[in-house]
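Report on the structure given below.
Because the structure is a prediction, the values reported are computed rather than measured.
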Amino acid sequence: MQALTFDPNRDRFTLKKQPLPTPGPTEVQLKVVACGLNPVDSKIREWKSLAPDMDDNWVPGLDVSGVITELGEEVEQWKVGDRILYHGDMLKPHGGFSEYAVHNAQTLLPHPNIDPIKAAATPCAGWTAWRALMDKLKIDACDSLLIAGGSGG
């Protein structure tokens, strides 16, 4: 498969052939349909200190829209062919800037009924908004909130 890899030693991206990633017991393999590009992806240089095993085969890309192609042996809640969406794990080497990726089945979302390209732009921004509202503001069903100029990520 083709993948955009990051070489931490040369601080460079390269398009190259990679073997298909194999899902672990609690993971799925998926055909990537679209992958968003977020500010956190551009900070990959800082990931090196968090992911000491990062090498020149590291595939970034966190916000992924795709279709499940293979299940790990412990995965029961999904099936091959399911359309999914997720925000990836920057500490894992098989991101969405590739034809195929693997991801933890526990953190997948059913794909919304929208274009995959639009869907791939939502996980990081949506999760950030959720955390701001729920974890920081601690809003609940009785609260009112006015958002002025709420657009983009």
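A heavy-atom distance below 4.5 Å is found between the side chains of I68 and L108. Considering only heavy atoms from C-beta on, P112 comes within 4.5 Å of L85 through its side chain. Contact of the W78 side chain with the P110 side chain is registered, since non-hydrogen atoms from C-beta on lie closer than 4.5 Å.
The salt bridge (Lys or Arg N to Asp or Glu O under 4.0 Å) analysis of residues 104-133, with sequence neighbours excluded, yields the pairs R131-D135.
Nearest heavy-atom pair, G88 versus Y86, reported as atom, atom and distance to 0.1 Å: N-CD1, 3.5 Å. Considering every non-hydrogen atom in both A34 and P116, the closest pair reads CB-O, 3.6 Å. Considering all non-hydrogen atoms of both residues, V32 and G96 come closest at CG1-O, 3.5 Å. In this structure, P60 and I44 approach most closely via the heavy-atom pair CB-CD1, 3.7 Å. Between A101 and H94, the shortest heavy-atom distance links the atoms CB-O, 3.5 Å. In plain terms, the two heavy atoms of K16 and T5 that are nearest each other are CE-OG1, 3.5 Å.
For L62, the side chain to side chain contact (heavy atoms under 4.5 Å, CB included) criterion is met by V40, D41, W47, H87, M90, not counting sequence neighbours. When the salt bridge (charged side-chain N to carboxylate O under 4.0 Å, His left out) test is applied to K138, no partner is found at least two apart in sequence or on another chain. For N9, the side chain to side chain contact (heavy atoms under 4.5 Å, CB included) test picks out D7, with sequence neighbours left out. By the side chain to side chain contact (heavy atoms under 4.5 Å, CB included) test, L91 is found to be paired with L50, A51, D89, residues two or more places apart in sequence or in another chain being considered. Contacts of D11 classified as salt bridge (charged side-chain N to carboxylate O under 4.0 Å, His left out), with partners at least two apart in sequence or in another chain: R45. With sequence neighbours left out, the side chain to side chain contact (heavy atoms under 4.5 Å, CB included) criterion links E70 to P23, Q29. For the salt bridge (charged side-chain N to carboxylate O under 4.0 Å, His left out) test, no residue two or more places apart in sequence or in another chain qualifies with D55. Remark: T14 pairs with no residue by the side-chain hydrogen bond (donor to acceptor under 3.5 Å, both in side chains) rule, at least two apart or across chains.
One finds the OG atom of S98 at 13.0 Å from the NZ atom of K17 (value rounded to the nearest 0.5 Å). T122 OG1 to L109 CG: the interatomic distance, rounded to the nearest 0.5 Å, is 8.5 Å. Between atom NZ of residue K92 and atom CH2 of residue W58 there is a gap of 9.0 Å, rounded to the nearest 0.5 Å. With values rounded to the nearest 0.5 angstrom, L137 atom CG is found 9.0 Å from D143 atom CG. Note that CD of Q77 and CG of L71 are 9.0 Å apart. Values are rounded to the nearest 0.5 Å. Note that CG of D140 and CG of L133 are 12.0 Å apart. Values are rounded to the nearest 0.5 Å.
Residue Y100 shares its hydrophobic cluster (ILVMFWY side chains chained together at separations under 4.5 Å) with M1, L20. In the hydrophobic clustering, L15 connects to no other residue, as no ILVMFWY side-chain heavy atoms lie under 4.5 Å from its own. Members clustered with I117: none, using a 4.5 Å side-chain heavy-atom cutoff among hydrophobic residues.
Remark: E73 CD is packed, more than 12 non-hydrogen atoms of other residues, nucleotides or ligands lying under 6.0 Å away.
A donor-acceptor pair shorter than 3.5 Å can be found between the side chains of H103 and T107.
Residue I84 is grouped with residue V64 when hydrophobic side chains (ILVMFWY) are merged at heavy-atom distances under 4.5 angstrom, including chains of intermediate members.
Between the side chain of E27 and the backbone N or O of G72, no donor-acceptor pair lies under 3.5 Å. Looking only at distances, a side-chain donor or acceptor of D63 sits under 3.5 Å from a matching main-chain atom of C124.
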